[in-house]
Amino acid sequence: MATQIPDDFKCPISLEIMSDPVILSSGHTFDRWSIQRWLDSGHRTCPITKLPLPEHPSLIPNHALRSLISNYTLVSPRKPQPHPDPQTLIATLTSPSSPFHSKLDSLDQLNQFSKRNPVFRRRLTESGAVSAVLNCVGSEDSRLQEKALSLLLNLSLDDDNKVGLVAEGAIGRIVAALHGRSPDCRAVAATMLTSLAVVEVNRATIGAYPYAIRALVSLLREGKGREKKEAATALYAICSFPDNRRSAVECGAVPILIRIADSGLERAVEVLGLLAKCKEGREEMEKFIGFVKILVRVLRNGSSRGVQYALMTLNLLCSNGDRIFLETMNEGVFEICMGLAEDDNEKVRRNASSLVQTLQGKH
């Protein structure tokens with residue numbers, strides 16, 4: 001008779017038993033792999049409560065629950081699956097005589113065990129797997145490339161690995177994959193840049209890499225739904241570093257982001273909020289007729305996070321330009337802000353009050 005796994009041992013996102021439980025600031029526990037993927041995708045709300053999280057949420061190891069799960073798995077009749085030998089799988093990837101299907105199978109196994117097992121991820125990086133995986137990322141075959149990118153994404157779950165991956169030359173391979181033929185590869189490559197950009201020093205390195213930001217802007221322009229969203233998320237993470245904002249503007253990001261925001265992708269509004277912090281970004285936004293109307297629509301119908309960034313963008317534009325100020329007043333933004341100043345979300349209230357002060361000061 002099968003043993004029923006206690007619900008508290010299951011991750012609320014994956015619904016699987018947790019191997020590395022961590023506590024979010026909302027007080028809820030998740031498997032590290034699942035919640036890190038959630039955060040790396042640009043979400044800043046708790047998956048359960050939907051309440052806002054800090055810009056850089058901390059993940060606190062839940063040692064007590066991990067111990068309980070460990071004790072449970074020791075006495076559970078479920079037979080643990082043995083870890084494969086990383087060296088054997090890596091040798092398969094690097095051998096010129098390995099059949100193609102064997103390389104795919106090796107990557108599948110490496111992905112399976114690295115996904116939720118930090119010990120296995122450490123063994124992989126210590127055994128020199130990164131170089132072999134990066135070579136697969138450079139493959140002409142999209143299946144091999146996508147599985148290799150997914151493995152890199154798993155390895156990047158650990159902050160120590162994020163810096164190490166960049167040091168081993170991951171950025172060049174990832175940027176090349178952004179130009180690949182497969183939409184899935186392009187989307188995963190953008191997600192990979194988002195993950196690496198969690199570490200501040202990597203944001204500067206990615207921004208300085210030739211064509212990295214330009215490749216993301218191209219993906220924004222030419223990609224489909226998932227590609228656009230992942231590219232916007234990556235740009236947001238990279239442009240959190242101030243020096244990268246001008247580069248994004250110079251690559252033509254602003255009009256593309258505005259059109260995407262007009263189509264309903266709020267992540268684009270978040271990136272515009274960052275680009276509005278630089279003079280070049282504001283100048284490009286002021287050229288776009290109807291941009292204020294788009295932001296007003298977000299204020300009326302958007303999520304709390306979208307509203308927050310729309311308010312921030314309008315505040316920066318109104319503080320530095322009379323035409324945008326007049327258009328903002330004519331669109332009834334002052335009255336909207338008075339209502340938002342009573343919003344349940346603290347960041348929305350703060351940004352609405354700040355915009356009200358700016359509008360009153362220029363009136």
Side-chain angles (χ1 to χ4, degrees), residues 13 32-45 47 53-59 115 121 133-134 137 145-146 148-166 170-180 183-209 211-220 223-245 247-248 251 253 256-257 260 265-275 305 309:
I13 297 175
R32 182 183 295 275
W33 180 87
S34 296
I35 192 62
Q36 190 65 63
R37 289 293 294 272
W38 170 267
L39 297 172
D40 286 348
S41 295
H43 297 290
R44 286 300 177 269
T45 56
L53 298 169
E55 195 60 46
H56 302 289
S58 58
L59 302 177
K115 198 173 184 180
R121 290 197 294 268
V133 178
L134 286 175
V137 171
Q145 188 181 55
E146 185 179 354
L149 282 167
S150 296
L151 180 52
L152 283 182
L153 193 57
N154 290 345
L155 295 178
S156 74
L157 291 172
D158 304 310
D159 283 353
D160 289 344
N161 286 345
K162 294 181 194 293
V163 177
L165 287 168
V166 170
I171 295 176
R173 296 288 192 180
I174 295 166
V175 171
L178 288 171
H179 294 291
D184 288 336
C185 284
R186 295 193 293 266
V188 177
T191 306
M192 185 67 208
L193 287 180
T194 302
S195 180
L196 293 178
V198 168
V199 178
E200 185 170 4
V201 67
N202 284 350
R203 296 173 204 158
T205 307
I206 295 169
Y209 192 90
Y211 309 115
I213 291 176
R214 186 173 299 278
L216 286 171
V217 174
S218 295
L219 192 58
L220 269 181
K224 303 302 180 185
R226 181 189 172 200
E227 297 166 88
K228 288 183 185 293
K229 182 176 180 180
E230 297 298 344
T233 301
L235 270 180
Y236 177 85
I238 294 167
C239 289
S240 296
F241 185 70
D243 290 356
N244 291 336
R245 294 167 189 162
S247 298
C251 289
I256 298 169
L257 286 164
I260 294 173
L265 182 62
E266 281 193 2
R267 190 62 45 77
V269 179
E270 297 171 20
V271 184
L272 289 165
L274 293 181
L275 299 186
R305 189 170 170 84
Y309 278 88

### Query
Has the side chain of E230 got a donor or acceptor atom that lies under 3.5 Å from a matching backbone atom of E227?
no
### Message
I'd like to know if the side chain of T191 and the backbone of A187 have a donor-acceptor N/O pair within less than 3.5 Å.
### Response
yes
### Task
Give a yes or no answer on whether the side chain of K228 reaches the backbone of L220 with a donor-acceptor pair at less than 3.5 Å.
yes
### Message
Go through it in stages, so that I can follow the logic: the residues are L134 and L152, the test is side chain to side chain contact (heavy atoms under 4.5 Å, CB included), and I'd like the CA-CA distance, side-chain angles, deciding distance and then a yes or no.
### Response
CA-CA 8 Å; L134 286 175; L152 283 182; 3.7 Å; yes
### Task
For the pair R44 (side chain) and L53 (backbone), establish whether a donor and an acceptor sit closer than 3.5 Å, ignoring hydrogens and angles.
no
### Task
Hey, could you give me the CG/OG distance between L216 and S247, rounded to the nearest 0.5 Å?
12.0 Å
### Message
With side chain to side chain contact (heavy atoms under 4.5 Å, CB included) as the criterion, how do I206 and V175 come out once you've worked through the C-alpha distance, each side chain's angles and the decisive distance to 0.1 Å?
### Response
CA-CA 9 Å; I206 295 169; V175 171; over 6 Å; no
### Message
Any side-chain to backbone donor/acceptor pair from R186 onto G223? Under 3.5 Å, distance only.
### Response
no
### Query
Would you call the rings of W38 and H43 parallel, tilted or perpendicular, where under 30° means parallel and over 60° means perpendicular?
parallel
### Heavy-atom closest pair, residues S240 and L274
N-CD1, 3.9 Å
#### Entry: Atom of V133, atom of A148 and distance for their closest heavy-atom approach
CG1-O, 3.4 Å
## Note on the structure
Nearest heavy-atom approach of Y209 to I171 is CG-CG2, 3.6 Å
### Query
Looking at OG of S218 and CD1 of I256, how far apart are the two atoms once the value is rounded to the nearest 0.5 Å?
7.5 Å
### Query
At what distance, to the nearest 0.5 angstrom, does CG of L235 lie from CD1 of I213?
7.0 Å
### Query
In this structure, are over 12 heavy atoms from other groups packed under 6.0 Å from E55 atom CD?
yes
### Query
Is there a side-chain contact between L257 and L265, using heavy atoms and a 4.5 Å cut-off?
no
### Task
Please confirm whether the backbone N or O of S156 pairs with a side-chain atom of N161, one donor and one acceptor, at under 3.5 Å?
no
### Task
First locate atom CG of L59, then atom CG of L39, and finally report the distance between them rounded to the nearest 0.5 Å.
6.0 Å
### Message
Looking at E270 and R267, is there a salt bridge between them, counting it only when a charged N and a carboxylate O are closer than 4.0 Å?
### Response
yes
### Message
Could you tell me if the side chain of L153 sits less than 4.5 Å from the side chain of R37, heavy atoms only?
### Response
yes
### Task
Starting at SG of C185, measure out to NE2 of H179 and round the result to the nearest 0.5 Å.
14.0 Å
### Query
Is the shortest distance from a Lys or Arg side-chain nitrogen in R305 or E266 to a carboxylate oxygen in the other one below 4.0 Å?
no
### Message
Test your reading of the model: is there a side-chain donor-acceptor pair from R121 to the backbone of L155, 3.5 Å cut-off?
### Response
no
### Query
Are W33 and N154 side-chain neighbours, meaning at least one heavy-atom pair lies under 4.5 Å?
yes
### Message
Please determine whether a side-chain nitrogen of the Lys or Arg among D184 and R226 lies less than 4.0 Å from a carboxylate oxygen of the Asp or Glu.
### Response
yes
### Query
Within the side chain of N202, is there an N or O that forms a donor-acceptor pair under 3.5 Å with the backbone of K162?
yes
### Message
Checking L196 against R203 for the side chain to side chain contact (heavy atoms under 4.5 Å, CB included) test, could you report, in this order, the C-alpha distance in whole Å, the side-chain angles of both residues, the deciding distance, and whether it holds?
### Response
CA-CA 8 Å; L196 293 178; R203 296 173 204 158; over 6 Å; no
